[in-house]
Amino acid sequence: METTLRGVGVSHGVAIGQVRHMGTAVLEPPVKEIPAEEAEREQQRARHAVEATAADLTARGNLAGGEAQAVLEAQALMAQDPELMADVDRRIAAGGTAERSVYDAFSRYRELLAGAGEYMAQRVADLDDVRNRIVARLLGVPMPGVPDSDEPYVLIARDLAPADTALLDPTLVLGFVTEEGGPTSHSAILARALGVPAVVALPGASEITEGTVVAVDGSTGDLFVEPSGAKRAELAKAAEERRAALAASSGPGATSDGHKVPLLANIGGPGDVPAAVEAGAEGVGLFRTEFLFLDDSKNAPSRDKQIQSYRSVLEAFPEGRVVVRVLDAGADKPLDFLTPTDEPNPALGVRGLRTLLDHPDILATQLTALAEAAEGLPVHLDVMAPMVADRHDARAFADACRTAGLNAKFGAMVEIPSAALRARSLLQEVEFLSLGTNDLAQYTFAADRQVGALSRLQDPWQPALLDLIALAADAARTEGKSCGVCGEAASDPLLACVLTGLGVTSLSMGATAIPYVRATLANHTLAQCERAAAAARATDTADEARRAAQAVLSEEG
Ligand code: PEP
Ligand code: MG
């Protein structure tokens with residue numbers, strides 16, 4: 001029977017398909033004794049599971065190619081290690097179940113590896129993955145990580161870490177639903193980057209049975225479980241009409257009376273460029289370079305690899321503006337070789353620019369790679385730092401850019417309330433500001449952006465957040481400099497009008513939101529946007545602010 005659940009819609013569109021769950025870490029199988037006559041059958045079960053896991057890893061390697069193939073083949077070999085298998089057999093003969101014996105044999109091997117020097121210790125995570133796969137197969141539970149499926153599916157996860165993203169095949173993931181994660185979490189950002197409908201902060205999502213057909217409406221936040229034929233047809237029709245209307249809007253971003261607001265794309269790397277170009281992005285407002293670093297959490301990418309990646313993005317926007325954000329590691333994007341592991345509150349610890357100032361070599365390599373990538377290209381390169389707290393930070397970043405000989409504008413992200421409060425002081429050191437409203441909301445409301453239960457406080461319509469945005473935009477106007485928004489706030493079409501009314505000079509968002517924002521902005525005058533902004537700021541809650549702005553924007557221009 002059709003039931004409806006409601007979360008927070010974070011990426012427009014409708015997806016209908018079968019549920020596949022993101023496998024969670026394998027639980028430790030219980031210790032159970034088996035009778036001696038079952039030992040042979042258990043040993044066979046263990047062998048089959050090992051062989052099937054090795055075959056699966058090899059097949060995945062063949063599909064992936066490149067460096068991933070080498071890693072997966074090495075894992076396939078680990079799975080079949082004769083000594084490990086002999087240990088599993090011995091443990092079963094002594095009365096263990098197949099799953100427990102595999103678990104224990106691998107744990108012993110793990111200890112040996114962990115104590116055998118740094119190189120071997122780094123293989124521990126690969127070994128754990130192999131163990132989890134074999135045990136999951138034996139227990140008949142979903143494989144850990146991204147589901148194995150040849151058919152397109154709707155992915156349900158508790159939350160998605162940026163590191164999971166590398167493994168997702170956008171041709172198979174029809175839509176996302178997560179139980180955790182607020183509107184500014186990286187699962188939401190990732191869904192927008194993939195251009196698939198998504199709903200986050202939906203309690204109970206993980207209880208939906210694997211294989212159930214669901215319809216995800218990423219605009220309203222509704223999840224229809226076992227939707228009727230009529231409901232499916234209604235959703236598909238509405239989505240199609242919306243798409244057609246949007247396809248009709250094109251050109252640079254502007255209000256109906258011609259006030260220009262460049263619409264830029266947020267990207268994680270060259271792979272996101274085609275969608276940005278197709279959506280008509282006027283450039284890139286946020287290139288999250290950390291995704292280049294997440295490929296290998298043990299080492300920074302080489303200078304050459306960085307140059308190649310930066311250049312391919314810069315070449316895609318020959319006359320446009322490309323804002324590259326230097327590495328933003330830490331908190332929910334930890335890197336083994338940079339991020340401290342002993343911090344009680346990583347979001348309040350050494351992350352973003354703080355990490356780079358502690359590792360000037362990493363920053364210098366990134367900046368010189370950018371300088372070289374931009375050489376000879378007509379592009380307007382802007383470079384900005386994440387998590388700038390004060391003028392001292394802004395100056396340190398500008399100094400590093402100058403030392404690297406970068407021919408670009410240097411900017412600061414406004415993600416910490418102190419930066420918004422003292423925006424004029426920051427602007428004595430840098431040439432532009434970019435509001436990272438995701439983190440700005442997190443730090444203004446002391447509400448972890450990864451915690452779905454706090455989504456009310458991460459709502460970018462919160463009047464206190466609008467006040468801070470207004471402060472930064474006013475400071476930039478006074479200094480004759482620009483102040484854009486590159487947080488997820490920019491991708492909400494109504495809020496985009498309010499941000500414009502607050503004096504924000506450009507809007508950067510996931511490519512799929514660009515047509516929605518362009519079409520809405522083109523329907524309203526600048527004066528109307530300013531009135532909507534004032535009306536929203538005069539309220540006390542996010543819901544009231546949204547309604548107040550909506551009322552003004554529904555009036556005739
Ligand atoms: C932000 O915090 O708003 C932002 C754009 O940066 P990120 O989401 O990558 O932290
Ligand atoms: Mg941020």
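For ligands, and for the atoms within them, numbers begin at 1 and follow the listed sequence. These figures come from a predicted structure and were not determined experimentally. Because only heavy atoms are used, hydrogens play no part in the values below, and waters and symmetry mates are left out as well, while side chains stay in.
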Of all N, O or S atoms in Asp439, identify the one at the shortest distance from the Mg ion (ligand 2). OD2

If you check every N/O/S atom of Glu415, which is the one nearest the Mg ion (ligand 2)?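 Within Glu415, restricted to N, O or S, the Mg ion (ligand 2) is closest to atom OE2.
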
Hey, mind stepping through Gln366 and Thr289 against side-chain hydrogen bond (donor to acceptor under 3.5 Å, both in side chains) and telling me if it holds? CA-CA 9 Å; Gln366 202 178 9; Thr289 56; 2.9 Å; yes

Any Lys/Arg nitrogen of [X] or [Y] sitting under 4.0 Å from an Asp/Glu carboxylate oxygen of the other?
X      : Y      : value
Asp390 : Arg422 : no
Arg351 : Asp332 : no
Arg325 : Glu290 : yes
Lys409 : Asp382 : no
Arg158 : Glu179 : no

Using a strict 4.0 Å cut-off to heavy atoms of [X], name the atoms of ligand 1 that fall inside it.
X      : result
Arg449 : 2 (O), 7 (P), 8 (O), 10 (O)
Asp439 : 1 (C), 2 (O), 3 (O), 10 (O)
Leu286 : 5 (C)
Met413 : 4 (C), 5 (C)

Looking only at distances, can you tell me whether any N or O atom of Gly436, backbone or side chain, sits closer than 3.5 Å to an N or O atom of ligand 1? yes

Among Gln442, Glu290, Glu415, which one puts a heavy atom closest to atom 4 (C) of ligand 1?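 Checking each option, the heavy atom nearest atom 4 (C) of ligand 1 is found in Glu415.
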
Should the heavy atoms of other residues, nucleotides or ligands under 6.0 Å from CD of Glu315 be counted, would the total exceed 12? yes

Could you tell me whether ligand 1 has any atom less than 4.0 Å away from a heavy atom of Lys333?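 Judged by the 4.0 Å heavy-atom criterion, Lys333 does count as contacting ligand 1.
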
Is the Mg ion (ligand 2) less than 2.8 Å from at least one N/O/S atom of Asp328? no

